[in-house]
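What you are looking at is a predicted structure, and each value in this text was computed from that prediction instead of being measured. Order of the sequence lines fixes the chain letters, A, B, ..., with proteins taken first and strands second; residue numbering starts at 1 for each chain.
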Amino acid sequence: MSEKPSNFLTEVIDADLAAGKVKEIHTRFPPEPNGYLHIGSVKAIWINWSIANAYGGKFNLRYDDTNPAREDVEYVNSIREDLEWLGAVPNGGVYYGSDYFDKCYEYAEQLILEGKAYVCELSREELQAYRGDDAGKPGKDSPWRERDAQESLALFRRMRAGEFADGEKTLRAKIDMASPNMNLRDPAIYRIKHVAHHRQGDKWCIYPLYDYAHPIQDALEGITHSMCSLEFENHRPLYEWVVQNLGFGEFPKQREFARLNITNTVMSKRYLRELVELNVVEGWDDPRMPTLCGLRRRGYTPESLFRFVELAGVAKSVSLLDARMLDFCIRTQLDPVVPRRVAVLEPLKLVIDNYPAGKTEAFALPNNPKDENAGTRAVSFSGEIWIEQSDFAQVPPPKFKRLSPGSEVRLMGAYLITCTCVETDESGNVTCVHANADLETANGMPADGRKTRGTIHWVSCAHAVDAAVNLYDQLFTQADMNDIPEGADYKDYLNPDSVRTLPGCKLEAALADAKPGERFQFVRTGYFTPDAKNPARWNRIVTLKDSYKMPDAT
RNA sequence: UGCGGAAUUGUGUAAUGGUAGCACCUGCGACUCUGACUCGUAUUGUGAGGGUUCAAAUCCUUCUUCCGCAACCA
């Protein structure tokens, strides 16, 4: 990967290392298995994983599965697959937060005995009222706050034994009801939930809450630096309270960074799930989805995603990254390594009138003009070929270098041709272009050394493979979810052109047996890969840039 | 409202008191058998006011705006 990252997180680590407080850096990625990983998760993965790597430390994957009501094995499996695909190897191991339920429970009893936690019998509403709705004013002590430790312990054990209904009692940490930080006003650390756990089954009917369980999980795994997103910043004092009161000392240490946002992309798991459930998209792996499986199916590489979040940087301010930066990352990664192939997306027939009828020949086209070792392949040529509609203009606009009546262009790897005339239908649309070839210019080199302005690509009609191609665009028309007016339905801002299928695309024969996962540059158009679920159909990964701008028709 | 956090060019991110830099995007140009790639080049920035200092993006102060939290979610 790249050189050692440097940001405000690594500063903290460097300082801890320099002070001799820690020897080996240990990080973790703790997703809750309640949805599919998306490109926003890649930031969290990359930060934790790359830092562990850079310092020669360890990186854990830990499923944060403390709320059985929202979690499912489907997500557990998808997360594992996605992480494997990314290549972020958890060299510290794979863990489940729920495997620490016994330890969490023991620690809870310990806290009770030390008078640092108590069983509270306030209802959810009462508890909120006691905590204080009027911000700024201290909260009110629960009537059970000073309950005898043994009494709390007995109650807590009965909670575990299933003697109470959901919500009837909670275990609360005894911290500070007057704290300006609401998280410290005796937060609940255990709740009763008679729900089976996807991994623990019916073993438990009480489950620890995130703020209590997470620091314990981190501590037990020897995590030194627990890096999470900004919304947990207010929770850090509580995290530290747990770590210290359980006797772990200064580590693990939590630090926070800003989430990743991308233009015209929705990142919230809630909305993504809704898009799937409402069949707005094909599924979690729809190539328009920002999920890792969607991006993978579309043809993105793990390297490009890591590069993207690396380029975006780590900071604490809200950011909205331009999706075109991701385009840049995938293009620069694919360009030097991906084989070139010829494909005509929007075909227009071109007949070379002076080419011997029925003749066929083959030209050797380079697989990658930048890389001689990539070799060449034979591409069949004949007198009737497909060219791109956009490569012909009956009336050439300014600076147009492609084909137009009377002009000469190079057919890539083949002859120079000059357009002689066109056929049109009754409404004036061009249906066929006629041209004469300079038959002395096979392989593109004119004998007299004259310059040709343009080079266009082509596919022989007799040898073309038909295919359908999916062109993807941004799912949403609004750059940011915040641009959607208050109260409006975000689904009204779905981009109707987020996917366009072009049937009847003409591919060169060498693409006939391409496999999903293989990526090609369709010369002059973009990068493509066969769709994983429908290999007869090609997905566009990203468009090639075209610096020629058609002038406005004003 | 209370608490916490953040404001640097169109976007993102550097610069710990000393030349505001880098990348993306955009424009222009060069090169080219991909109008790709590559190369060159240009434009635009320290939220506002006050203060300290020889010197402020940086320190102090007032203000403004934005974000997060205020769950028996994570």
**Q** Between U34(B), C69(B), G12(B), which nucleotide has the shortest distance from any of its atoms to the side chain of N183(A)?
**A** C69(B)
**Q** Check the surroundings of atom NZ in K269(A): do more than 12 heavy atoms from other residues, nucleotides or ligands lie under 6.0 Å from it?
**A** yes
**Q** From the options U34(B), U26(B), U13(B), select the nucleotide whose nearest atom is closest to the side chain of R324(A).
**A** U26(B)
**Q** By the definition side-chain contact (heavy atoms from CB on, under 4.5 Å), identify the one residue from L292(A), V42(A), I45(A), T291(A) that meets it with D82(A).
**A** L292(A)
**Q** Looking at C73(B), I'd like to know if its phosphate oxygens (OP1 or OP2) sit under 4.0 Å from a side-chain N or O belonging to R124(A).
**A** yes
**Q** Starting at CG of L350(A), measure out to CZ of F392(A) and round the result to the nearest 0.5 Å.
**A** 8.5 Å
**Q** Nearest whole Å is fine: how far is C69(B) P from H235(A) NE2?
**A** 8 Å
**Q** Looking only at atom C1', what distance separates A55(B) and U19(B), rounded to whole Å?
**A** 13 Å
**Q** Would you measure the distance from the C1' atom in C37(B) across to the matching atom in G4(B) and give it in whole Å?
**A** 47 Å
**Q** Could you check F400(A) against E233(A) and say which one's nearest nucleotide on RNA chain B is further toward the 5' end?
**A** E233(A)
**Q** Among C37(B), U34(B), A6(B), find the nucleotide with the atom closest to the side chain of K370(A).
**A** C37(B)
**Q** With rounding to the closest Å, how many angstrom separate the P atoms on U16(B) and C73(B)?
**A** 44 Å
**Q** Given Watson-Crick or G-U pairs with both distances under 3.5 Å, what dot-bracket string fits RNA chain B, with | for other-strand pairs and [ ] for crossing?
**A** (((((((..((((....[..)))).(((((.......)))))....(((((..]....))))))))))))....
**Q** Take the angle between the ring planes of W204(A) and Y105(A) and call it parallel below 30°, perpendicular above 60°, tilted in between.
**A** tilted
**Q** Using ring centroids (six-membered ring only for Trp), state whether F156(A) and Y190(A) fall under 6.0 Å.
**A** yes
**Q** Could you check whether E388(A) and S390(A), counting side-chain N and O atoms only, form a donor-acceptor pair closer than 3.5 Å?
**A** no
**Q** Check the distance between C73(B)'s P and I189(A)'s CD1 and give it to me in whole angstrom.
**A** 14 Å
**Q** Rounded to the nearest Å, what distance is computed from the NE2 atom of residue H197(A) to the P atom of nucleotide A74(B)?
**A** 10 Å
**Q** Which nucleotide, G12(B), C25(B), A74(B), lies nearest any side-chain atom of S319(A)?
**A** G12(B)
**Q** Could you give the CE-to-C1' distance, from M182(A) to A70(B), as a whole number of Å?
**A** 6 Å
**Q** Check every atom of G29(B), A74(B), G12(B) against the side chain of E231(A) and return the nucleotide holding the closest atom.
**A** A74(B)
**Q** Using atom CZ of F328(A) as one end and atom C1' of C37(B) as the other, report the distance to the nearest whole Å.
**A** 11 Å
**Q** Suppose you measure atom C1' in C25(B) against the same atom in G17(B); what distance do you get, rounded to whole Å?
**A** 33 Å
**Q** Of the nucleotides A23(B), C67(B), C73(B), which one has an atom closest to the side chain of V318(A)?
**A** C67(B)
**Q** Between the base of U34(B) and the side chain of R340(A), is there a donor-acceptor distance below 3.5 Å?
**A** yes
**Q** Just how far, in rounded Å, is C1' of A14(B) from CG of N7(A)?
**A** 12 Å
**Q** Nearest to the A312(A) side chain among C73(B), G12(B), G68(B), which nucleotide is it?
**A** G12(B)
**Q** Within the modelled atom types, does a donor on one side and an acceptor on the other bring the side chain of R70(A) and the base of C73(B) under 3.5 Å apart?
**A** yes
**Q** Can you name the one residue among R172(A), R145(A), R131(A) that meets side chain to side chain donor-acceptor pair (under 3.5 Å) with D186(A)?
**A** R145(A)
**Q** Tell me, do E221(A) and Y100(A) make a side-chain contact under 4.5 Å, heavy atoms counted?
**A** yes
**Q** Could you measure between the two P atoms, the one in A20(B) and the one in U46(B), and give it in whole Å?
**A** 13 Å
**Q** Should D218(A) and R62(A) count as an ion pair when the cut-off is N to O under 4.0 Å?
**A** yes
**Q** Please report the distance separating the P of A56(B) from the corresponding atom of G50(B), rounded so that it comes out in whole Å.
**A** 14 Å
**Q** Identify which nucleotide among C72(B), U11(B), A36(B) has an atom closest to any side-chain atom of K545(A), counting heavy atoms from C-beta outward.
**A** A36(B)
**Q** Ignoring backbone atoms, test whether R270(A) places a side-chain nitrogen or oxygen under 4.0 Å from the OP1 or OP2 oxygen of A74(B).
**A** no
**Q** Can you tell me, in whole Å, how much space there is between the C1' of U62(B) and that of C54(B)?
**A** 26 Å
**Q** Rounding to a whole Å, what distance do you find between E256(A):CD and C69(B):C1'?
**A** 12 Å
**Q** Considering only the C1' atoms, how many Å lie between C22(B) and G45(B), rounded to the nearest integer?
**A** 14 Å
**Q** Provide, to the nearest angstrom, the distance between the CD1 atom belonging to I262(A) and the P atom belonging to G10(B).
**A** 22 Å
